[in-house]
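Below is one structure, written out as structure tokens; comments come after it.
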Amino acid sequence: MCKKTYWNEEFETLNRCDLEKLQVKRLRKTVGSALDTSFYSKLYEEKGIDVDSIQSVDDIRKLPFTVKQDLRNSYPDGMTSCKKDESIRLHCSSGTTGQPTVVYHNRHDLDSWANLVARSLYCAGARPGDVFQNICGYGLFTGGLGFQYGAETLGALAIPAGAGNSKRQIKLIQDFGTTVIHAIPSYLIRLHEIFLAEGIDPLKGTNLRLFVIGAEPHTEEQRKKIETLFGIKAYNSYGLTEMNGPGVAFECEEQDGLHVWEDAYLVEIVNPDTLEPVEDGEIGELVLTTLDREVMPLIRYRTRDLTRVLPGECACGRTHRRLDRITGRSDDMFIIKGCNVFPMQIESVLMKMPEVGTNYLIELVTENGVDEMYVNVELQAQCFSDSYQDLEKIQNSLVSKIRDEVLAKPKIVLLEPGELPQQEGKAIRVVDARDS
Ligand code: ADP
Ligand code: ZN
């Protein structure tokens with residue numbers, strides 16, 4: 001077992017002053033590459049911005065924000081620099097919310113990304129020699145190849161298992177002695193059901209010791225549920241295609257926020273309405289700038305993800321700041337009966353109830369001209385046995401707890417395990433079928 005404390009000690013423990021100097025140097029280089037792209041050259045020339053506009057990290061505020069629509073408008077390659085010809089791979093976002101966006105990478109970009117993912121895995125406790133099973137879609141989605149090359153760079157045996165086919169996943173876990181799994185959280189809960197159905201104890205019947213979960217919003221309660229079900233720790237992994245994919249921010253063994261790798265990404269948290277920086281520690285929209293990417297520099301990119309920078313230093317000794325768990329995307333929020341609701345608020349209530357099973361779906365509908373919020377929730381199988389008396393109690397308790405949390409009164413539909421449709425990729429939590 002590799003004994004060193006950090007994967008890239010030099011970078012991970014850089015003092016803040018030196019880290020900032022490195023950021024300025026890299027930001028200047030990034031602006032230089034951006035001026036090579038048709039998109040930024042036009043934008044920056046209009047505003048009189050050049051490399052010398054950047055003398056400090058704060059000078060980033062002179063530069064305009066970018067949004068997903070800019071990437072779409074520049075499709076397929078309007079945001080690539082003159083290094084586009086060196087590109088050896090491209091990825092697209094999964095298109096959860098609309099048209100996909102494309103990111104090109106050259107050898108430098110891919111090596112830098114793989115190193116960040118290796119660093120992230122190491123930070124969560126994976127080590128060379130681990131058997132790493134990557135249970136997520138390969139192809140254009142970044143979670144597949146991103147973790148594959150990251151785990152290989154780490155020196156783990158990386159199994160490109162792909163998504164779905166749970167019985168086969170369990171066979172791979174058993175046959176190859178898998179120790180670490182990366183998967184989306186909603187899938188791990190499903191995998192546990194299959195373990196049970198197969199009569200295998202995931203803790204005693206396998207070598208599993210660590211999970212990496214991410215790619216979709218989830219609550220602390222859902223993480224706890226996974227950890228309790230399997231008896232294995234699960235670490236949060238955050239990334240997005242526009243910023244390479246996985247390896248942007250990752251939990252360390254303290255499990256107290258996600259270190260965002262500030263030698264590769266410049267972090268801002270802004271008020272999504274005013275676009276002004278929020279006060280330290282306040283929740284806002286995460287805005288990221290690539291600092292180590294050549295083909296597609298992306299500057300002040302509005303991720304739409306809501307989070308905050310956690311105050312204080314981490315006990316692990318890494319100096320890179322920590323982001324709080326993402327509470328949702330700014331465009332995830334829906335308004336029902338005049339109340340602003342994030343799906344994660346509802347998940348957090350559901351996952352605290354021991355009777356609740358693994359899957360839920362929020363449906364917004366119009367009934368007799370009135371908007372209603374249905375929360376369809378699967379319960380544990382034992383709640384449907386003949387001797388069970390408490391269904392009505394659960395129903396009432398969910399109505400009042402959800403109303404207390406989001407202020408709007410829901411209608412609750414209690415379902416048996418497996419009644420809701422299973423999704424292969426990221427879980428869909430809300431279906432909005434209202435009239436307008
Ligand atoms: P798409 O935007 O089409 O879903 P991506 O695969 O690039 O494509 O998804 C990135 C998004 O996934 C992030 O912007 C964020 O909203 C979500 N996400 C990724 N990791 C996490 C995480 N650990 N917690 C919450 N949300 C996450
Ligand atoms: Zn830490």
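Owing to the predicted nature of the structure, the values given are computational and were not obtained by experimental measurement. Counting starts at 1 for both ligands and their atoms, following the listed order.
- Inclusion of Asn236 in the set of residues having an N or O under 3.5 Å from an N or O of ligand 1 is warranted.
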Just do the salt bridge (Lys or Arg N to Asp or Glu O under 4.0 Å) check on Lys401 and Glu405 with the steps written out, would you? CA-CA 6 Å; Lys401 286 186 173 146; Glu405 174 66 34; over 6 Å; no
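- Tally of protein N, O or S atoms closer to the Zn ion (ligand 2) than 2.8 Å: 4.
- The closest side-chain donor-acceptor pair between Asn15 and Asp18 falls under 3.5 angstrom.
- Among residues two or more places apart in sequence or in another chain, the salt bridge (Lys or Arg N to Asp or Glu O under 4.0 Å) test is passed with Glu285 by Arg302.
- No part of Arg325 comes within 4.0 Å of ligand 1, judged by heavy-atom distances.
- The N/O atoms of Ile213, backbone and side chain alike, include none that comes under 3.5 Å of an N/O atom in ligand 1.
- Using a 4.0 Å cut-off between charged side-chain N and carboxylate O, Lys352 and Glu347 make no salt bridge.
- When Ser237, Pro246, Gly245 are ranked by how near their heavy atoms come to atom 22 (C) of ligand 1, first place goes to Ser237.
- Aromatic ring pairs are classed by plane angle as parallel below 30°, tilted from 30° to 60° and perpendicular above 60°; the pair Phe230 and Phe211 is perpendicular.
- Close approach of ligand 1 to Gly214 is summarised as follows: ligand atoms under 4.0 Å from at least one heavy atom of the residue are 23 (N).
- Cation-pi check for Arg429 over Tyr360 is met; the charged atom lies under 6.0 angstrom from the ring centroid and within 45 degrees of its normal.
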Between Gln23 and Asp263, is a side chain to side chain donor-acceptor pair (under 3.5 Å) present by the stated rule, with each step listed? CA-CA 6 Å; Gln23 287 182 319; Asp263 52 332; over 6 Å; no
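- Close approach of ligand 1 to Lys426 is summarised as follows: ligand atoms under 4.0 Å from at least one heavy atom of the residue are 4 (O), 5 (P), 6 (O), 9 (O), 10 (C), 11 (C), 12 (O).
- Between His218 and ligand 1, not a single N/O pair is under 3.5 Å apart.
- Counting atoms of ligand 1 from 1 in the listed order, those under 4.0 Å from a heavy atom of Lys68 are 2 (O).
- Counting only non-hydrogen atoms, the option in Ser330, Gly239, Ser93 that gets closest to atom 10 (C) of ligand 1 is Gly239.
- Under 4.0 Å from ligand 1, heavy atoms of Leu240 appear from its side chain as well as its backbone.
- Considering each of Arg223, Glu216, Glu251, Glu242, the one bringing a non-hydrogen atom nearest atom 27 (C) of ligand 1 is Glu216.
- No heavy atom of Arg304 sits closer than 4.0 Å to any atom of ligand 1.
- Residues Val212 and Leu210 approach most closely at CG2-CD2, 4.2 Å, considering heavy atoms.
- The two residues Pro128 and Tyr122 have their closest heavy-atom pair at CD-CE1, 4.0 Å.
- In terms of polar-atom proximity, defined here as any N/O pair under 3.5 Å, Thr142 makes no such contact with ligand 1.
- If you check each of Ala249, Pro217, Gly425 against atom 25 (C) of ligand 1, the one with the closest non-hydrogen atom is Pro217.
- The two residues Met243 and Arg293 make their nearest non-hydrogen contact at C-NH1, 3.6 Å.
- By the ring-ring contact (aromatic ring centres under 6.0 Å, His included) test, Tyr238 pairs with no residue at all, sequence neighbours left out.
- Contacts between Ala215 and ligand 1, counted as non-hydrogen atom pairs separated by less than 4.0 Å, involve the backbone only.
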Show me, pair by pair, the donor-acceptor contacts under 3.5 angstrom made by side chains of residues 83-92, not counting sequence neighbours?
| residue | atom | partner | partner atom | Å |
| --- | --- | --- | --- | --- |
| Lys83 | NZ | Glu294 | OE1 | 3.4 |
| Lys84 | NZ | Asp77 | OD2 | 3.0 |
| Glu86 | OE1 | Asn106 | ND2 | 2.8 |
| Ser87 | OG | Lys84 | O | 2.7 |
| Arg89 | NH1 | His91 | NE2 | 3.0 |
| His91 | ND1 | Leu140 | O | 2.8 |

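- Nearest approach of Phe195 to Leu208, heavy atoms of both residues: CZ-CD1, 4.4 Å.
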